[in-house]
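To keep things clear, I will list the structure first and then write my remarks on it.
Just so you know, these numbers use all the heavy atoms, side chains as well, and skip hydrogens, waters and symmetry mates. This structure is a prediction, so every number in the text was calculated from the model and none was measured.
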Amino acid sequence: MCSRGWAYIVKAATIILLCNMAVQLMQTFTWTFAVAETADQSILASIASPFAYLLVPIVGVLSWQLAAAAVTGFIAKENVVGTLAVCFVGLENLIDTEELALMEGAGVEAAGIMAITKVAALAYLMFNLYTPPCFAAIGAMNSEMKSGKWVWAGIGLQLAVGFTVAYLVYTVGTLFTAPATLNVGAALAGLAAVAVMVAIVVMLIVRTNKKLRSEYALDGKKREYAASISEK
């Protein structure tokens, strides 16, 4: 316990701290290195905004803050919490900790904070849980598999699983809790993405099985030929 605790302290004082500092700087300045008037004009917002569209089917809102946190999570999953804390600074003053909900009349819109539902928060959590854990784990995958193709395949599978699980959690949960708030367009787009990912996985499985069967058949013929030669 002490060794693992110390390892986390070292990690928090190096990787996580440096990442949060970089996030803070990118959120503060524009590409011209001028202080951004709003966070939406910052370097971080411009980088994360394209990824935000990919998260709409699983969180229901277009939020570059959530996208930025998910991206920094590839460095270390602890960075997800740190990035959210930097992007949503002051959010703790607008939350009722007893109800776990944003307080009425707290000026959420004025603060520029994107509110998401509890179901969306759970879906976002599931997405970050199943996606690739961190660069260190990906490095371990590379050393074990010794194949760049299989490493990328593993990363793609983890991303597909994370998106699929998060999509199902958000869509099904929203249909049960607040069906009127479900974005039908985003839900259909997410369903199409899930269908494509499932089709790719099934196609790869079928192709691999055919390849294995042909290799086994060829190996069997070689054994039969070797046996016939030895008999002669």
Side-chain angles (χ1 to χ4, degrees), residues 1-23 26 44 47-48 50-55 57-59 66-85 121-170 190 192-223 226:
M1 183 182 68
C2 291
S3 63
R4 298 308 304 167
W6 176 251
Y8 178 79
I9 292 174
V10 172
K11 187 176 183 180
T14 53
I15 298 175
I16 299 175
L17 178 61
L18 291 174
C19 183
N20 286 344
M21 289 176 61
V23 169
M26 287 191 293
L44 183 63
I47 294 175
F51 298 99
Y53 290 94
L54 302 177
L55 297 183
I58 64 176
V59 295
L66 297 179
V71 171
T72 58
F74 285 100
I75 302 174
K77 285 302 180 187
E78 297 87 346
N79 282 330
V80 175
V81 179
T83 303
L84 290 176
L122 178 60
Y124 183 73
L125 185 151
M126 300 301 289
F127 175 78
N128 286 285
L129 178 65
Y130 283 99
T131 51
C134 61
F135 287 161
I138 294 174
M141 289 170 55
N142 184 51
S143 63
E144 291 292 333
M145 294 180 174
K146 302 184 185 303
S147 171
K149 180 181 72 174
W150 281 103
V151 170
W152 283 109
I155 294 173
L157 180 61
Q158 289 175 320
L159 288 171
V161 171
F163 185 90
T164 302
V165 172
Y167 172 78
L168 293 175
V169 169
Y170 175 73
V194 170
V196 169
M197 290 184 288
V198 171
I200 292 174
V201 172
V202 171
M203 181 187 67
L204 292 176
I205 292 174
V206 171
R207 182 183 298 179
T208 302
N209 287 339
K210 288 182 178 179
K211 184 178 180 181
L212 290 175
R213 281 197 297 267
S214 63
E215 290 178 354
Y216 287 145
L218 180 61
D219 185 65
K221 291 180 179 179
K222 288 181 178 179
R223 290 177 183 273

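- Between Y170 and A123, the shortest heavy-atom distance links the atoms CB-CB, 3.7 Å.
- Nearest heavy-atom pair across L44 and A68 is CD1-CB, 3.9 Å.
- Nearest heavy atom pair, residue V169 against residue M126, reads CG2-CG, 4.2 Å.
- No donor-acceptor distance shorter than 3.5 angstrom exists from the side chain of K77 to the backbone of L129, with no hydrogens or angles considered.
- Scanning all heavy atoms of the two residues, the minimum distance from G190 to P57 falls at CA-CB, 3.8 Å.
- Minimum heavy-atom separation, L55 to Y124: CD1-CE1, 4.3 Å.
- L204 is not listed as a side-chain neighbour of V201, based on a closest heavy-atom distance of 4.5 Å or more.
- Using a 4.5 Å cut-off on side-chain heavy atoms (C-beta onward), F127 and L66 make no contact.
- Proximity of a side-chain donor or acceptor of T72 to a complementary backbone N or O of A69 within less than 3.5 Å is detected.
- Atom CG of L212 and atom CZ of R207 lie 13.0 Å apart (nearest 0.5 Å).
- Within 6.0 Å of CE in M145 there are more than 12 heavy atoms belonging to other residues, nucleotides or ligands.
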Listed pairs under 3.5 Å, donor-acceptor, residues 152-167 side chains, sequence neighbours left out:
| residue | atom | partner | partner atom | Å |
| --- | --- | --- | --- | --- |
| T164 | OG1 | A160 | O | 2.7 |
| Y167 | OH | A187 | O | 2.6 |
| Y167 | OH | L191 | N | 3.4 |

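- We find the CZ-OG1 distance between F74 and T131 to be 5.0 Å, quoted to the nearest 0.5 Å.
- Closest approach of A67 to A48, counting heavy atoms only: CB-O, 3.5 Å.
- Here the straight-line distance linking atom CG of N209 with atom OG of S214 works out to 10.5 Å at 0.5 Å rounding.
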